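This report refers to the structure that appears directly beneath it.
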There are 2 protein chains.
Amino acid sequence: MKVSAQEEYGLRCLLQLARLGAGEALTLGQIAEREGISQANAGKVLWLLNKARLVNSTRGTKGGYQLSRPAAEIRLSEIIKVLDEGEVDGHCKTYPGVLDSCVHTGDCGIRSVIVNVHEAVERALSAITLAQLIGDERTVDTTLHQIRGLRPSTVTAEGAQ
Amino acid sequence: MKVSAQEEYGLRCLLQLARLGAGEALTLGQIAEREGISQANAGKVLWLLNKARLVNSTRGTKGGYQLSRPAAEIRLSEIIKVLDEGEVDGHCKTYPGVLDSCVHTGDCGIRSVIVNVHEAVERALSAITLAQLIGDERTVDTTLHQIRGLRPSTVTAEGAQ
DNA sequence: GCTATACCTGACTTTTTTGTCAAGATTGCT
DNA sequence: AGCAATCTTGACAAAAAAGTCAGGTATAGC
């Protein structure tokens, strides 16, 4: 249960674009340099983001990337979904469909857990927008702590059976 | 943001043990057979679980594995933490400490996100016990849907800036 | 239209994660 | 004591992910 490198880089690249003023754009080289990763690597990630229409790209001289929408309208859940896709479609290859029976046993109960966990993660991430991540670390941290979805007041967890 | 193979296998193995009666145990071969994985693979996972004292192992003839505590007292968050460790300690190797400055820039704001997401996941998982996962899929799914931590009633997500 | 800049894309290499193997160590039973 | 069943553990092999490279395509400016 971890954030993959591609997910983190995608987030970072988008954040760079989110900091720009209206009409401004960043070139691949600029983004790569600012994040300390190779241009090839940044290009791969941005190609995914472009394919999913999270960013717009313009080619040729004076080209570059910009967000396709205001940062306040882009949710982390979308970003993660885009960057996961192609590697993980569904939970794993072992499940033919989203709700068909598990390979091992139809009643393993594990798939429910995994599906529910993924739903919980997506819900938490959908409560955060790119715009909320601009600023210094302390500010961002404070903002995130104020989001209800991330910090439910109480959690009831009495074990049954 | 996905559940690794090792995490899933660990969960499955523990679930097999959770279904046993008091005093009963399962051998490595039995667990491996029931989950359809190799004995070597199951052995590796159970060694981790044993090292973390989530299971007890007894060697020699009549040996085997059993839970070290009642299933109702084992939370998913513990399990995931144990199975992640050794591969991911912290978020990544790039962070010296939990709250020290990021390698790229001190004000990237990304680490806050990742840390907060991990916390959200852990919180959701700590609301589920092994005992709640015993039973057929429909029952488990219903149980999980009733847990507040997994399904917050409302999520406020207005984008700032 | 030519050229320089910059994105696009598929093949390749390296690293990490998974999974396997085999030899060792511990216990119960005869 | 000796044997058989069982866990333990480190080294190795296969698969997947991450990252790199090089050639291709489009656009702006001259």
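Chain letters run A, B, ... following the sequence lines, proteins first, then strands; residues in each count from 1. Predicted model only: the values in this text are computed from it and were never measured.
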Between A:Lys2 and B:Asp84, does the side-chain contact (heavy atoms from CB on, under 4.5 Å) criterion hold? Intermediate values first, please. CA-CA 8 Å; A:Lys2 68 172 185 183; B:Asp84 269 347; 5.6 Å; no
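- Phosphate contact (OP1/OP2 of C:dC7, side-chain N/O of A:Thr27, threshold under 4.0 Å): present.
- Atom CD in B:Gln6 sits about 8 Å away from atom C1' in C:dT18, given to the nearest Å.
- In this model, no side-chain donor or acceptor of A:Lys62 finds a partner on the base of D:dG29 within 3.5 Å.
- Put simply, B:Tyr9 has no side-chain N or O that comes within less than 4.0 Å of OP1 or OP2 on C:dT17.
- When the nucleotides D:dA17, D:dT8, C:dT20 are ranked by their closest atom to the side chain of B:Lys2, D:dA17 comes out on top.
- Put simply, CD on A:Glu7 is 12 Å from P on D:dA17, counting in whole angstrom units.
- In terms of heavy-atom proximity, A:Gly10 sits nearest to A:Val45 at CA-CG1, 3.4 Å.
- No contact: A:Gly43 has no heavy atom under 4.0 Å from any strand.
- Atom-to-atom, CG of B:Leu48 to C1' of D:dG10 comes out at 14 Å; the value is rounded to the nearest Å.
- With rounding to whole Å, A:Asp84 atom CG is found 13 Å from D:dA17 atom C1'.
- Considering all non-hydrogen atoms of both residues, B:Gly29 and B:Gln39 come closest at CA-OE1, 3.6 Å.
- OP1 and OP2 of D:dT6 both lie 4.0 Å or more from every side-chain N or O belonging to B:Thr58.
- Heavy-atom nearest nucleotides on DNA chain C were determined for B:Ala5 and for A:Gln39, and the one closer to the 5' end corresponds to A:Gln39.
- Nearest to the side chain of B:Thr61, among D:dT20, C:dT27, C:dC8, sits C:dT27.
- The phosphate of D:dC7 (OP1 or OP2) has no side-chain N or O of B:Lys51 nearer than 4.0 angstrom.
- Of the listed nucleotides (D:dG19, C:dT17, D:dT9), D:dG19 has the atom at the smallest distance from the side chain of A:Lys44.
- Distances shown here put every side-chain N or O of A:Ser57 at or beyond 4.0 Å from the OP1 or OP2 atom of C:dA6.
- A:Gln30 places a side-chain N or O within 3.5 Å of a backbone atom of A:Thr27 that can act as its donor or acceptor partner.
- B:Asn41 has its CG atom 14 Å from the P atom of D:dA15, to the nearest Å.
- Of the candidates D:dC7, C:dC8, C:dC7, the closest approach to any side-chain atom of B:Leu28 belongs to D:dC7.
- The OH-P distance, from A:Tyr65 to C:dT5, rounds to 18 Å in whole Å.
- Residue B:Trp47 places no side-chain N or O under 4.0 Å from the OP1 or OP2 atom of D:dC7.
- Remark: A:Asn50 is in phosphate contact with C:dC8, judged by side-chain N or O atoms under 4.0 Å from OP1 or OP2.
- For the pair B:Leu83 CG and C:dT17 P, the computed distance is 14 Å after rounding to whole Å.
- In the set D:dC21, C:dG19, C:dC7, C:dC7 carries the atom at the smallest distance from any side-chain atom of A:Arg59.
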Could you go through B:Asn56 and B:Asn50, starting from their C-alpha distance and side-chain angles, then the distance that decides it, and tell me whether this counts as side chain to side chain donor-acceptor pair (under 3.5 Å)? CA-CA 6 Å; B:Asn56 288 331; B:Asn50 182 35; over 6 Å; no
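- Between A:Arg69 and A:Glu78 there is a salt bridge, since a side-chain N of the basic residue sits under 4.0 Å from a carboxylate O of the acidic one.
- Taking atom CD of residue B:Gln30 and atom C1' of nucleotide D:dA5, one finds them 12 Å apart after rounding to whole Å.
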